Number of protein chains: 2
Amino acid sequence: MGQPTTSPPDKQSSERHAFVHTRLSSDNHRYTTGRRRLVDALACSGQPLTLPDIVEIAPDLAASSVYRNLEVLEQCGVVKRIASGSGHAHFELAEPLLSHHHHLVCVDCGVIEDVRLDDEVEEVLDQHLSLIASRASFKPLHHSLDLHGHCANCDGLL
Amino acid sequence: MGQPTTSPPDKQSSERHAFVHTRLSSDNHRYTTGRRRLVDALACSGQPLTLPDIVEIAPDLAASSVYRNLEVLEQCGVVKRIASGSGHAHFELAEPLLSHHHHLVCVDCGVIEDVRLDDEVEEVLDQHLSLIASRASFKPLHHSLDLHGHCANCDGLL
DNA sequence: AATGCAAATGAGACTTATTATCATTATCGT
DNA sequence: ACGATAATGATAATAAGTCTCATTTGCATT
């Protein structure tokens, strides 16, 4: 049980909203009630959400506005998009709001769960990726590591 | 310069076709000339391709057939799909045909380049991922690790 | 080498997820 | 409170990929 990492914990609600507000205003965007509710929806659910997930949690949000706002928030570094190959994309809060983590992706039902690596492993990985990037004259921004397989729920059913 | 890994090299053409043929027939599929040309296109290009890339390389292939065949080949474990979030998905030969590797994804132009980790790092990562999966009662199939950033080409232009 | 039959093909219709449009409404600095 | 401007939401439009179905091909068996 217990945390497998010593990474900092996720931000609390007020701190989170303050952070998002800063990010948005610095790019001349407004932190409207709709955007607040969107951020709340992403924050309260522990896992990445699809558009249908979001409008189910917050039915007063218009789908077109949610898509537009996810894009704005993504550009401001508040939201991260996770491409799932087929079906809806998943969205979650970005790194400053959610500590660095990776994903368990169920190939059966598509659900995505967040997991964290031990800091030691993460560090080895980071250093090696930097080396590889420099060898290819590639300027790295961030990495993503997903484990694909059968989630506990689907594994029992199949 | 030299290989940063001791992994086995990619298969040669005849061996590759034999392998694909076996995989397809064992699932009652035929290895038609169209499928052969598709596999050749993926093999000759050193990097993952989109549908437009493929039909440009092999203009005699019908887009609908290519999509259908990519799906069949994916299910047979011959092709791997790389979801890119926006725009076209990328496709490459799967692991038995192309040795285990990861991707440098350019956030500017979308091009994807294959890279290999040192075996030592890959092993540390694999072991840790197995541990994490078992803690979540998750049955892992494979992992994907992508480094996102600016490729050498785009970095100069921006 | 011909036969038969199931699988594959290809052109285009269709679906689905997402993005653009635009008149109306809300937000924020003054 | 005011005014400029950004955001909203219903709907139209687009883009990527999937489905349909009449025709063709591949392959196992004569």
Side-chain angles (χ1 to χ4, degrees), chain A residues 17-18 20-42 48-56 58-76 78-92 110 112, chain B residues 17-18 20-42 48-56 58-76 78-92 110 112:
Chain A
H17 284 306
V20 175
H21 192 292
T22 305
R23 282 286 176 108
L24 284 170
S25 353
S26 79
D27 205 13
N28 277 83
H29 291 298
R30 295 167 182 172
Y31 199 18
T32 61
T33 57
R35 287 174 181 173
R36 243 167 242 275
R37 277 208 275 269
L38 173 52
V39 168
D40 283 336
L42 291 170
L49 300 177
T50 64
L51 183 100
D53 294 337
I54 292 168
V55 298
E56 193 181 2
D60 49 336
L61 297 181
S64 61
S65 298
V66 171
Y67 271 124
R68 194 183 325 102
N69 288 332
L70 285 169
E71 201 185 318
V72 169
L73 292 168
E74 191 184 12
Q75 283 173 344
C76 293
V78 170
V79 159
K80 193 165 147 263
R81 176 193 302 248
I82 307 163
S84 38
S86 65
H88 289 269
H90 289 248
F91 298 89
E92 67 179 358
I112 300 180
Chain B
H17 284 307
V20 175
H21 192 293
T22 305
R23 281 287 175 106
L24 283 171
S25 357
S26 79
D27 205 14
N28 277 84
H29 291 298
R30 294 167 183 172
Y31 199 19
T32 61
T33 57
R35 287 174 182 173
R36 244 167 239 274
R37 277 206 275 268
L38 174 52
V39 168
D40 282 337
L42 292 170
L49 301 176
T50 64
L51 184 99
D53 294 337
I54 293 168
V55 298
E56 192 180 3
D60 49 334
L61 298 181
S64 61
S65 296
V66 171
Y67 272 124
R68 195 183 323 101
N69 287 332
L70 284 168
E71 201 185 317
V72 169
L73 291 168
E74 191 183 12
Q75 284 174 343
C76 293
V78 170
V79 159
K80 194 165 145 262
R81 176 190 303 245
I82 307 163
S84 38
S86 62
H88 288 268
H90 288 249
F91 298 89
E92 67 179 1
I112 300 180

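Here is the naming used below: chain letters follow the sequence lines, and residue numbers restart at 1 for every chain. Predicted, not measured: the structure shown is a model, and the values here were computed from it. Note: hydrogens, waters and symmetry copies are ignored here, and every other heavy atom, side chains too, is used.
Contact detail for B:Asp53 and B:Pro48: the closest heavy-atom pair is OD2-O, 4.5 Å. Scanning both residues, A:Ala63 and A:Val55, for their nearest heavy atoms gives CA-CG1, 4.4 Å.
If you take OH of A:Tyr31 and P of C:dG29, they are 16 Å apart, rounded to a whole angstrom. Atom CG of B:Leu70 is separated from atom P of D:dC19 by 14 Å (rounded to the nearest Å). Whole-Å rounding puts the B:Arg30 CZ to D:dG26 C1' distance at 5 Å. Computed from coordinates, the A:Arg35 CZ to D:dA6 P distance equals 11 Å when rounded to whole Å. Look at CG on B:Asn69: it is 14 Å from C1' on D:dG17, rounded to the nearest Å.
Residues A:His88 and A:Ser84 bring no donor and acceptor atom of their side chains to less than 3.5 Å of each other.
Nearest nucleotide to the B:Arg68 side chain, out of C:dA8, D:dC27, D:dA7: C:dA8. Of all nucleotides listed (C:dT9, D:dT8, D:dT5), D:dT8 comes nearest to the side chain of A:Ser65. Listed nucleotides C:dT9, C:dT19, D:dG17 differ in distance to B:His88; the shortest reach to its side chain belongs to D:dG17. Which of C:dT19, D:dC27, D:dT18 sits closest to the side chain of B:Glu71 comes down to D:dT18. Closest to the side chain of A:Ala89, out of C:dT18, D:dT18, C:dT9, is C:dT18.
Donor-acceptor pairing under 3.5 Å, judged by distance alone, is present between the side chain of A:Ser64 and the base of D:dA10.
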